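One structure is given below, encoded as structure tokens.
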Protein chains: 2
Amino acid sequence: MAAGPFVGRRAQLRDDLERRILAAAEETFAMNGFGGSSVAVIAAAAGISKQNLLYYYPNKIDLYRTVLDDVLEDWLGCMIDFAATSSRPEEAISRYIEAKLEFSRRRPQGSRVFALEIIGGARNYGNELKSKIVPALRADIATLERLLGSRDDDRINAEHLFFIIWASTQSYADFSAQMELILDRKPLAAQDFEAARSTLTRLVLNSLGLPSPMTGARVETRSAPEGD
Amino acid sequence: MAAGPFVGRRAQLRDDLERRILAAAEETFAMNGFGGSSVAVIAAAAGISKQNLLYYYPNKIDLYRTVLDDVLEDWLGCMIDFAATSSRPEEAISRYIEAKLEFSRRRPQGSRVFALEIIGGARNYGNELKSKIVPALRADIATLERLLGSRDDDRINAEHLFFIIWASTQSYADFSAQMELILDRKPLAAQDFEAARSTLTRLVLNSLGLPSPMTGARVETRSAPEGD
DNA sequence: GTCTATAAGCGGATAGAC
DNA sequence: GTCTATCCGCTTATAGAC
């Protein structure tokens, strides 16, 4: 239902309210899980009555799935760049990590709702997981494999390298409560995400024998394998 | 309450039942979260009545905290080795990753209960998180920092390197549902954990300029920076 | 669309018999 | 320790007035 140029005022108001409800639901589900969130609390957070919420979303599970859909759409939009990129490997990987971390920074609650669903076995979102998320991840893994080149012998396992990238970037949203305690800073600041980006990028590129794209080819601990 | 040599039959039975309840609770909480788990369902999984469960654990939140305590004790037991180790850096780090992955493999449900609690902001376990878990992680980070040596210049950030290790190893428990779909194998097999260990260990050691401990000093992609 | 009212059931927790 | 019986608040969801 994309908004055309002639959206009426009513439709606009309705759209605004739906967004407010979804935002409230995303936050509540992230903090309390599906079972721990009541429709009444979500409605209160959205500034409307429980009955009114149920007018827009006929039941709790539909609301929950809509939240997941909304987050998924956002996430997929951020992630398509990787498979389509024709940049140099080090730049493609670097940008991918950056985009994934940026998503964690920009939408941590959405990331958490997803994490909760996966941890619980994806029983409410299994079809979408199989039909959309897994293919996207597989495409990313295939891209990564292509970027790694054809040295089959002692090559880094692309699937597990991808799992590491994915787990690491995601954790800056999902486990931020723990990181905040360790870094003694709440919430996490821009410098923390920058340090995360820098550390993870360096780790991955270094393990692949690729130069660091930002600081040029200079890698302090070693010399580059070939002239660039 | 360590069991002495003269534990009565009754005490033994009670202990057995408590363990059965805790196991059922761990599994139920892991799959459904705190709010999504009912005492009745946990009791049924343990093979007793709801009222009987409430005789052993007076309320739901106590049961939940006991599960977390039980998992934490197990986890702490696995993790002390790192800080105490005096092995060579590459061996210490290698063993740490191995132990953390082994915990994910052996007790995935416990790992998930913890993850759910942290994602929800650790509102039910904040004190223990601050007093036990965070200090343990800080000690591990300090150990890692020591192992990294004193090159302050362009050194890998120990905190974030640790976050990466921690997130990656934990994800093989928490997000196994997704990995199972990608790897097309349910549940994950020993070979998957071995591939995870190998990939992550190699990634971390390589980024630190350390030789791989298992395959000797041979690292396919580069030559060692200095003779060992 | 938003309200009041209410249905129908599940939730955690307690009382007291045995 | 385990059982039956029960309380009562909160839950999702619906009906119908305005």
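Keep in mind that this is a model prediction, so the values were computed, not measured. In the text below, chain A, chain B and the rest are named by the order of the sequence lines, each starting its count at 1.
- Atoms CD1 (I42(A)) and P (dC10(D)) sit 17 Å apart, rounded to a whole Å.
- Between the C1' atom of dA13(D) and the CG atom of L63(A) lies a distance of 14 Å, rounded to the nearest Å.
- Taking 4.0 angstrom as the limit, S49(B) places none of its side-chain polar atoms (N or O) nearer than this to OP1 or OP2 of dT2(D).
- Atom P of nucleotide dT14(C) and atom CG of D62(B) are separated by 11 Å, given to the nearest angstrom.
- Distance from the side chain of S38(A) is smallest to dT12(D) among dT2(C), dT12(D), dA13(C).
- What separates OH of Y56(B) from C1' of dT2(D) is a distance of 9 Å, to the nearest Å.
- Remark: Y55(A) is not in phosphate contact with dT14(D), judged by side-chain N or O atoms under 4.0 Å from OP1 or OP2.
- By the neighbour-count criterion of 12 heavy atoms within 6.0 Å, atom CZ of R106(B) is densely surrounded, having more than that number from other residues, nucleotides or ligands.
- The existence of a salt bridge linking E26(A) and R107(A) is confirmed by a sub-4.0 Å separation between a basic side-chain nitrogen and an acidic carboxylate oxygen.
- Residue contacts shown for L17(B) are limited to sugar-phosphate atoms, with no base heavy atom under 4.0 Å away.
- If you take CG of N59(A) and P of dT11(D), they are 17 Å apart, rounded to a whole angstrom.
- Atom OG of S176(B) is separated from atom CZ of R112(B) by 4.0 Å, given to the nearest 0.5 angstrom.
- Look at CG on N32(B): it is 12 Å from P on dG12(C), rounded to the nearest Å.
- Both I48(A) and K50(B) sit near DNA chain C, but only I48(A) has its closest nucleotide nearer the 5' end.
- Of the candidates dA5(D), dT12(D), dT2(C), dT2(C) carries the atom nearest the N52(A) side chain, counting heavy atoms from C-beta on.
- At a threshold of 4.5 Å between non-hydrogen side-chain atoms, the residues L63(B) and L53(B) count as touching.
- One finds no salt bridge joining R95(B) and E98(B) here, because no Lys/Arg side-chain nitrogen approaches an Asp/Glu carboxylate oxygen to under 4.0 Å.
- Atom P of nucleotide dG12(C) and atom CZ of F34(B) are separated by 8 Å, given to the nearest angstrom.
- With rounding to whole Å, K60(B) atom NZ is found 17 Å from dT14(C) atom C1'.
- The L54(B) side chain lies nearest to dT14(C) when the options are dA13(D), dT2(D), dT14(C).
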